[in-house]
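Beneath this line is the structure, given in structure tokens, with notes to follow.
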Amino acid sequence: MTVTIVGAQLGDEGKGGVVDLYGDRVDVVARYQGGDNAGHTVVHGDQEYKLSLVPSGAVRGKVGVLGNGCVVNPATLFDEIDSLRERGLDPDVRVAERAHVILPYHRVLDGIEEDAKSDSELDAGTTGRGIGPTYEDKVGRRGIRIGDLLDPDVLRERLEYVVPQKRALAEDVFGVKTGEEFDIASLYEQYRRFGERLAEEGMTVNAGDFLGDRIDADENVMFEGAQGTSIDIDHGIFPYVTSSNPTAGAAATGTGVGPTTIGTGEVIGIVKAYLSRVGTGPLPTELSDDETEEELADQIREKGGEFGTVTGRPRRIGWLDVPMLRHAARVNGFTGLAINHIDVLAGLGSVSVGHAYELDGETLETMPTTTERWADCEPVLREFDGWSEVDWSEVAAEGYAAIPENARTYLEYVSDELDTPIYAVGVGPGREQTVVLETPFE
Ligand code: GDP
Ligand code: IMO
Ligand code: MG
């Protein structure tokens with residue numbers, strides 16, 4: 001069977017931890033979208049792993065697949081694999097031959113376009129990894145795929161077509177002088193060698209066949225979403241979004257496993273008990289209105305370690321946005337929820353949520369479709385009594401009933417609003433710091 005893990009908010013909900021949590025019963029973990037913009041953390045014992053491309057099942061020694069829906073920077077992939085090997089892991093990662101390749105000029109163009117947009121506040125605050133420009137080339141039918149790296153003639157032909165266009169874009173449209181990132185001969189040499197290493201290590205696959213065979217053999221496959229529903233290119237707060245579909249439907253298109261197979265499995269929504277955001281754009285429940293709110297945001301940021309896994313940027317902090325979650329539940333069809341970080345909110349006198357929005361005298365229970373209308377929304381807050389600090393490892397060992405009562409009230413409110421059962425509650429970053437109510441592969 002399959003289980004799909006999806007971020008319900010703005011990314012960084014703790015997806016990596018949940019993949020690791022349920023990973024013991026999994027045979028293969030597959031990413032279906034995104035690239036090295038992701039930063040997924042797994043904490044096990046005294047070890048912390050921050051993974052950008054290698055699927056999080058690697059910490060438990062599970063096979064990882066980067067599906068055709070991913071964009072893959074071979075340089076960061078090999079660096080990550082090498083550094084995990086130095087730490088004693090032995091990641092077995094397969095890469096779809098249909099996945100698109102991030103080239104150095106994509107990263108340069110990502111930066112150039114963000115700069116150009118910043119005057120009109122249209123920049124998304126990207127991770128600078130070249131994600132958007134690579135997906136543009138895929139949709140524009142001028143991208144280079146992993147399979148092309150294995151065939152030097154095809155690689156050269158593709159580079160000869162695309163690189164002069166990219167150089168002209170940088171130089172003639174944006175007026176930026178280009179360097180070796182736009183040099184066909186050096187790109188050819190470097191990427192041909194990446195192709196050789198991929199072939200030597202037997203890493204390339206037809207993802208649909210590879211995963212389909214595993215599923216037919218009754219193995220368990222987990223799909224590891226990156227980013228989150230509200231930064232989905234279709235369903236998110238456009239244009240402050242990423243350039244792929246983190247939502248559950250993409251698990252099918254991004255791997256080649258049919259939607260009927262994925263639909264008979266589980267789709268688990270990962271929820272952070274408050275909001276965090278790296279990047280720009282509006283955020284109606286943001287804690288930034290006055291000094292008291294800013295102090296509270298600082299406190300949560302420090303306690304929750306809310307600094308970007310990839311870029312180190314401080315994350316913006318807000319109360320839980322429940323209309324955002326209702327939208328996510330509908331788009332993804334969650335069968336279960338993992339709600340993380342309730343330990344971070346401990347010790348506050350009260351905890352609020354944005355239960356609904358007020359917009360032009362109307363009350364809305366879900367997100368408006370345009371980001372401009374969303375920016376005009378005033379959250380209708382609902383206040384919950386706070387819960388005190390406890391020994392969370394003990395709570396995790398004892399189970400759900402040991403969670404402070406006020407925190408349980410909060411969790412059950414979320415579950416009721418989304419009409420979805422809670423499968424797990426995160427009470428700390430470690431694998432053992434989770435209260436498990438349901439195990440989806442049982
Ligand atoms: P991802 O991108 O969704 O995998 O999430 P990130 O790894 O970017 O960010 C989540 C951060 O919170 C990581 O540092 C995790 O180790 C940590 N974390 C995950 N779950 C919990 C939790 O329940 N409580 C606390 N305090 N930290 C958590
Ligand atoms: P994980 O998988 C949080 C955000 C960026 C920016 C926007 C576009 O760790 O949850 P991009 O580089 O993708 O073109 O940037 O999306 N963003 C993320 N925010 N978590 C992530 O991944 C993110 N990946 C991209 O900050 O606003
Ligand atoms: Mg992250």
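Whatever order the structure lists them in is the order used to number ligands and atoms, beginning at 1. For this chain, numbers begin at 1 and follow the sequence in order.
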Please state which protein non-hydrogen atom is closest to [atom] and give its distance, to 0.1 Å?
| atom | value |
| --- | --- |
| atom 14 (O) of ligand 1 | Thr41 OG1, 3.8 Å |
| atom 12 (O) of ligand 1 | His341 NE2, 3.0 Å |
| atom 22 (O) of ligand 2 | Gln227 NE2, 3.3 Å |
| atom 7 (C) of ligand 2 | Val241 O, 3.7 Å |
| atom 19 (N) of ligand 2 | Val278 CG2, 3.3 Å |
| atom 6 (P) of ligand 1 | Gly39 O, 3.5 Å |

Aromatic ring pairing Tyr413/His355, orientation class (parallel under 30°, perpendicular over 60°, tilted between):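 Because their plane-to-plane angle lies in the 30° to 60° range, the rings of Tyr413 and His355 count as tilted.
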The Mg ion (ligand 3) - number of protein N/O/S atoms closer than 2.8 Å: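 Under the 2.8 Å cut-off, the count stands at 2.
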Heavy atoms only: which of [options] lies closest to [atom]?
| atom | options | result |
| --- | --- | --- |
| atom 12 (O) of ligand 2 | Thr127, Thr41, Ile131 | Thr127 |
| atom 6 (C) of ligand 2 | Gly7, Gly16, Ala124, Ser243 | Ala124 |
| atom 5 (C) of ligand 2 | Gly279, Gly125, Pro133 | Gly125 |

Location of contacts on Arg277 toward ligand 2, heavy atoms closer than 4.0 Å: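 For Arg277, the contact with ligand 2 is made by the side chain alone.
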Which of the ligand 1 atoms, numbered from 1, are nearer than 4.0 Å to a heavy atom of Gly16: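 In order of number, 4 (O).
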Near [X], which atoms of ligand 2 are under 4.0 Å from a heavy atom of that residue?
| X | result |
| --- | --- |
| Lys15 | 1 (P), 2 (O), 10 (O) |
| Thr126 | 6 (C), 11 (P), 12 (O), 14 (O), 15 (O) |
| Ile231 | 4 (C), 16 (O), 17 (N), 18 (C), 19 (N) |
| Leu10 | 3 (C), 19 (N) |
| Arg313 | 26 (O) |

